[in-house]
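Indexing begins at 1, ligand by ligand and atom by atom, following the structure's order. Below, all heavy atoms of this structure are taken into account, side chains as well, without hydrogens, waters or symmetry copies.
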Amino acid sequence: MHHPTLCAVAVALLSALPGAQASLYSKNSPVLQVDGKSYERLIAKSNYTSIVEFYAPWCGHCKNLQPAYEKAAKNLAGLAKVAAVNCDDEANKPFCGSMGVQGFPTLKIVRPKKGGGKPMVQDYQGQRTASAIVEAVVQQINNYVVKVEDKSLDKFLGDKETPKAILFTEKGTTSALLKSIAIDFAGVITIGQARNKEAKAVETFGIEKFPTLVLLPGGDAPAIVYDGELKKEALVKFLSQAGQPNPDSPAKSNGKKDKKSTKASDKSSSAKAKSKTSSSETSSATPESETETATQEAPVIVETALPIPAINTPEKLIKECLTEKSHTCVLAFVSSSEDDKAKKALASLSQLAFKHAQSKRNLFPFYEVPKSNEGAASLMKALDLPGDVEIVAINARRGWWRHYDAADFGHESVESWIDAIRMSEGVKKKLPEGIVAIAVEEPTSAAPEASSEATPDATEAGKSEEATPVTPEASGEAARDSTESTQAADPTGEPETAHDEL
Ligand SMILES: *[C@@H]1O[C@H](CO)[C@@H](O)[C@H](O)[C@H]1NC(C)=O
């Protein structure tokens, strides 16, 4: 059985990882990241319904959920808040505990009380797909929209001072978008909805098509018929002429920041090499002639090989090759690149990389992975690779790996192995669960060759990995959703639900 080794791999890889505590969601993620403090302000005190994920960055089901959760966040932008709390963060542990979190991920829907006060918090137990999450949250959005009928029209229009808006529509239901607008303007503009069959209302405002939004700015100001785009941003802007929306808009908090990292130019070294007395600004603009001179002086090397980049940290190994999105990677494990066998293997790969690059063929990346990299050692152990030099191909996305098992690392032999991978021929093995714990957990149909030995008991693995309790005392309950099947988290596979329409 591979089992004990595999679990050890996950642990070893993770403990070797300085970034293991890092958040699952990047700064640019549409998922709002909160902690105990900001939860109060952004979620508990909001007029918006939120869904909050309590997670640990190392938990496989959390990683599987990530794409779906981010997709849900995108779909709910402007309608509800989609937030996440990293319970692995020491500072958040008391908060996660106080929320009764006992396993990861735990999803809770937080619905504000209409008149204020403590919100209602319910566990979300539904499917972990973007569409299921979106539907569940949309169901819980508070409705401040007033139903306007002919018989109630006068009453609705009675208070002349408060600005009002009426959406005339053919629909009998209120859209999430209109609900969200009513939340934005709660206490500022009264939002109403009238059906096309309300003849008196329709006639009063001369409505000719549906949907049509009419703004009554208040006082004696005449009604204004909106004729812009039926999108949240434009609608809010239009209504803002009658009063400022509440400060709390999920459109902003659901990560609309589109910061593009501007990379500083890497000219510092060439600038340093110069002995000019000019300002640093001038010197950073390295004259072309200098660079050219340097090139001319260097010996001319005819390239027939591309250098194989090295992966030196477990972190990089995971990032490049072991996430659930990782495509095929070819990894050459070497004790030392000075070793003859290693040299030969790397040279073969370099030549191949060069050959493919020259013919502009897309080829999966090759990496040198020194065994000094703790991640490499753990991975080799998990894959049962004893050699000084080992070459494998791994596709974490599909959950398979292949072993180069010829004794000779010569160019031809390596090339035919690579070609077999390109053609999808030859023996694929199922990636063991220990790696899967870090990278993929989606059930994979790959690897029919996988022996029963290489197919670990999913329940066991799930337990050890997902349902880690926040506190040791909680272990009894912690396994509650370990048996839950992994949801297909691929966001592209899901139908779009349009809640951003009036
Ligand atoms: C919530 O709505 C009330 C009006 O009902 C408003 O006064 C308050 O500012 C809103 N809160 C936020 C955080 O937007």
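Here Tyr39 and Phe95 bring their ring centres to under 6.0 angstrom of each other.
Scanning all protein heavy atoms for the shortest distance to atom 5 (O) of ligand 1 gives Ala186 CB, 3.8 Å. Looking from atom 9 (O) of ligand 1 to the surrounding protein, the closest heavy atom is Asn246 OD1, 3.5 Å. Scanning the protein for heavy atoms near atom 11 (N) of ligand 1, the closest one is Asn47 ND2, 3.0 Å.
Phe364 is linked by a ring pair (Phe, Tyr, Trp, His ring centres under 6.0 Å) to nothing, counting only residues two or more places apart in sequence or in another chain.
Not a single N or O atom of Tyr144, backbone or side chain, sits closer than 3.5 Å to an N or O atom of ligand 1.
Both tests pass for Lys114 against the ring of Tyr144: distance under 6.0 Å to the centre and angle within 45° of the axis.
Between Lys151 and Glu149, at least one side-chain nitrogen of the basic residue sits less than 4.0 Å from a carboxylate oxygen of the acidic one, meeting the salt-bridge criterion.
Under the 30°/60° scheme for interplanar angles, the aromatic rings of Tyr55 and Tyr25 are found to stand perpendicular.
For ligand 1, the atoms sitting less than 4.0 Å from at least one non-hydrogen atom of Asp248 are 12 (C), 13 (C), 14 (O), numbered in the order shown with element in parentheses.
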